[in-house]
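Here's the structure we're looking at; comments come further down.
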Amino acid sequence: MTRGIYITGTDTEIGKTVVAAGIAGALKKSGIDIGVMKPFMSGAKREDPHSDAAMLKSLAEDTNCIEQINPYQFDEAVTPLLAAEMNSIDISLDKLLSHWNEISLTHDFFIVEGAGGLMAPMGSDYHNGHIAREMGFPLIIVARPGLGTVNHTLLTIEKARTMGIEVLGIIINGVQFGERTLAEQTNRKLIERFTDVSVLGEIPWLEKLEKKTIIEAVENNVSLNSLTGLGVKA
Ligand SMILES: Nc1ncnc2c1ncn2[C@@H]1O[C@H](COP(=O)(O)OP(=O)(O)O)[C@@H](O)[C@H]1O
Ligand SMILES: [Mg+2]
């Protein structure tokens, strides 16, 4: 069975793409046959080099075509459910999973980036959590560094577990190490006091968001050893 992880976040615009693409690039560099997937993308064109799908493809050096990586693209910056309804497009979970079945054999290990947070609606009767569960992939939760993140992170873990989805770890993204507030300095420990899920690392705020700097930020700050249980030697 194809292995992989599903990257979700405590919110949108939290750094899921930066983290997912960085992990994909780091694993690729360590010699793993990595594929990426962005099932739904709204508010961006696939051809835009800064779009989620294009960034994932570029950092992972995935040879799959962009339509395989991102089967559903919408121009409107709204949740996939609304965008699909506005464009009369069928985005049933069955259709998405049959697409997934086709591409799942193209690589050994997949990094999948969901759209929005865990319960962001995708189709009319499912959200991100259902996709992760059907794919059988554990979650990595990307969280922001500041005040409020403990609550959002614990809520996301709680919901995942209610759905029977394994949570592999948390990554705090965008830390401005030189000028951390008291909350930012203490959030990692506070999260770990209230859950048995580990914080795998804290990624700094990067002045230059380039392929090399993103991959190095993941290599230097995230414990990728936790993926060894998934069959990855990193
Ligand atoms: N560690 C970081 N350093 C600098 N900019 C970042 C970092 N993480 C995210 N960003 C920026 O923040 C915005 C949101 O990040 P993104 O990865 O697209 O979030 P999401 O995928 O959760 O919507 C983007 O403009 C991205 O370039
Ligand atoms: Mg994204």
Side-chain angles (χ1 to χ4, degrees), residues 4-26 35-60 62 66 69-80 83 110-122 127-129 131-132 137 139-146 148-149 152-153 155-156 160 169-181 184 187-188 199-224:
I5 45 181
Y6 196 94
I7 311 280
T8 191
T10 53
D11 200 354
T12 191
E13 288 288 304
I14 212 103
K16 292 186 303 295
T17 304
V18 168
V19 172
I23 292 177
V36 284
M37 197 181 172
K38 173 82 188 177
F40 294 105
M41 182 166 75
S42 31
K45 300 271 191 204
R46 292 179 179 123
E47 304 74 38
D48 174 355
H50 300 295
S51 75
D52 289 15
M55 269 188 72
L56 290 167
K57 179 173 166 61
S58 162
L59 271 75
D62 189 342
I66 199 83
I69 290 169
N70 170 232
Y72 296 104
Q73 179 278 341
F74 305 103
D75 290 345
E76 300 83 2
V78 292
T79 193
F110 275 83
I111 309 289
V112 184
E113 185 197 343
L118 188 63
M119 288 191 72
M122 299 295 124
H127 52 64
N128 264 317
I131 306 176
F137 290 169
L139 297 182
I140 284 185
I141 300 170
V142 181
R144 64 164 60 88
T149 203
H152 294 146
T153 303
L155 283 170
T156 304
I170 300 148
I171 295 178
I172 298 175
N173 176 59
V175 182
Q176 291 181 308
F177 279 99
E179 41 196 86
R180 285 193 298 175
T181 62
E184 287 170 5
N187 274 338
R188 179 180 191 152
V199 176
L200 304 178
E202 292 181 83
I203 296 180
W205 185 257
L206 305 167
E207 289 310 322
K208 278 193 183 164
L209 271 184
E210 291 165 354
K211 184 170 174 170
K212 188 167 177 285
T213 46
I214 296 174
I215 293 173
E216 282 175 3
V218 168
E219 285 173 328
N220 296 336
N221 297 288
V222 178
S223 159
L224 293 173

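First listed ligand is number 1; within each ligand, the first listed atom is number 1. Throughout, residue positions are numbered sequentially from 1 according to the sequence presented.
- G116 does not count as a contact of ligand 1, since none of its heavy atoms falls under 4.0 Å from the ligand.
- Taking only nitrogen or oxygen atoms, main chain and side chain alike, I203 does not reach within less than 3.5 Å of ligand 1.
- Closest protein heavy atom to atom 8 (N) of ligand 1: N173 ND2, 2.8 Å.
- Using modelled atom types, no side-chain atom of D75 and backbone atom of K45 make a donor-acceptor pair closer than 3.5 Å.
- Only one option out of V142, I172, T149 pairs with I14 in a side-chain contact (heavy atoms from CB on, under 4.5 Å); it is V142.
- Of all atoms in ligand 1, listed by their number and element, those nearer than 4.0 Å to a heavy atom of G15 are 9 (C), 15 (O), 16 (P), 17 (O), 19 (O), 20 (P), 22 (O).
- Checked by atom type, the side-chain pair N221/E219 shows no donor-acceptor distance below 3.5 Å.
- Residues V199 and T153 fail the side-chain proximity criterion, which asks for heavy atoms closer than 4.5 Å.
- There is no protein heavy atom less than 4.0 angstrom from atom 25 (O) of ligand 1.
- Protein heavy atom at the shortest distance from atom 3 (N) of ligand 1 is L206 N, 2.7 Å.
- For the Mg ion (ligand 2), the set of nearby N, O or S atoms under 2.8 Å includes none belonging to M41.
- Expressed to the nearest 0.5 Å, how far CG of D52 lies from CD of E113 amounts to 4.5 Å.
- Proximity of P204 to ligand 1, defined as any heavy-atom pair under 4.0 Å, is confined to the backbone N, CA, C and O atoms.
- The contact set between ligand 1 and E113, taken as ligand atoms under 4.0 Å from a residue heavy atom, comprises 21 (O).
- Between F110 atom CZ and M37 atom CE the span is 8.0 Å, to the nearest 0.5 Å.
- At a threshold of 4.5 Å between non-hydrogen side-chain atoms, the residues P145 and E202 do not count as touching.
- When the options I5, I7, V112, I111 are evaluated for a side-chain contact (heavy atoms from CB on, under 4.5 Å) with F137, the one that passes is V112.
- The distance criterion of under 3.5 Å between nitrogen or oxygen atoms is met by I14 with respect to ligand 1.
- Distance from atom 23 (O) of ligand 1 to its nearest protein heavy atom, with residue and atom name: E13 N, 2.8 Å.
- Within the 2.8 Å limit, E13 places no N, O or S atom next to the Mg ion (ligand 2).
- For the atom pair CG of N173 and CG of L206, the computed distance is 7.5 Å after rounding to the nearest 0.5 Å.
- In terms of protein heavy-atom proximity, atom 27 (O) of ligand 1 is nearest to L209 CD1, 2.7 Å.
- The presence of a protein heavy atom under 4.0 Å from atom 14 (C) of ligand 1 is confirmed.
- When OD2 of D52 and OE2 of E113 are joined through the Mg ion (ligand 2), the resulting angle is 100° to the nearest 10°.
- Residues Q73 and I66 have side chains not in contact (no heavy-atom distance under 4.5 Å, counting atoms from C-beta outward).
- Polar contact check, W205 against ligand 1: no nitrogen or oxygen pair lies under 3.5 Å apart.
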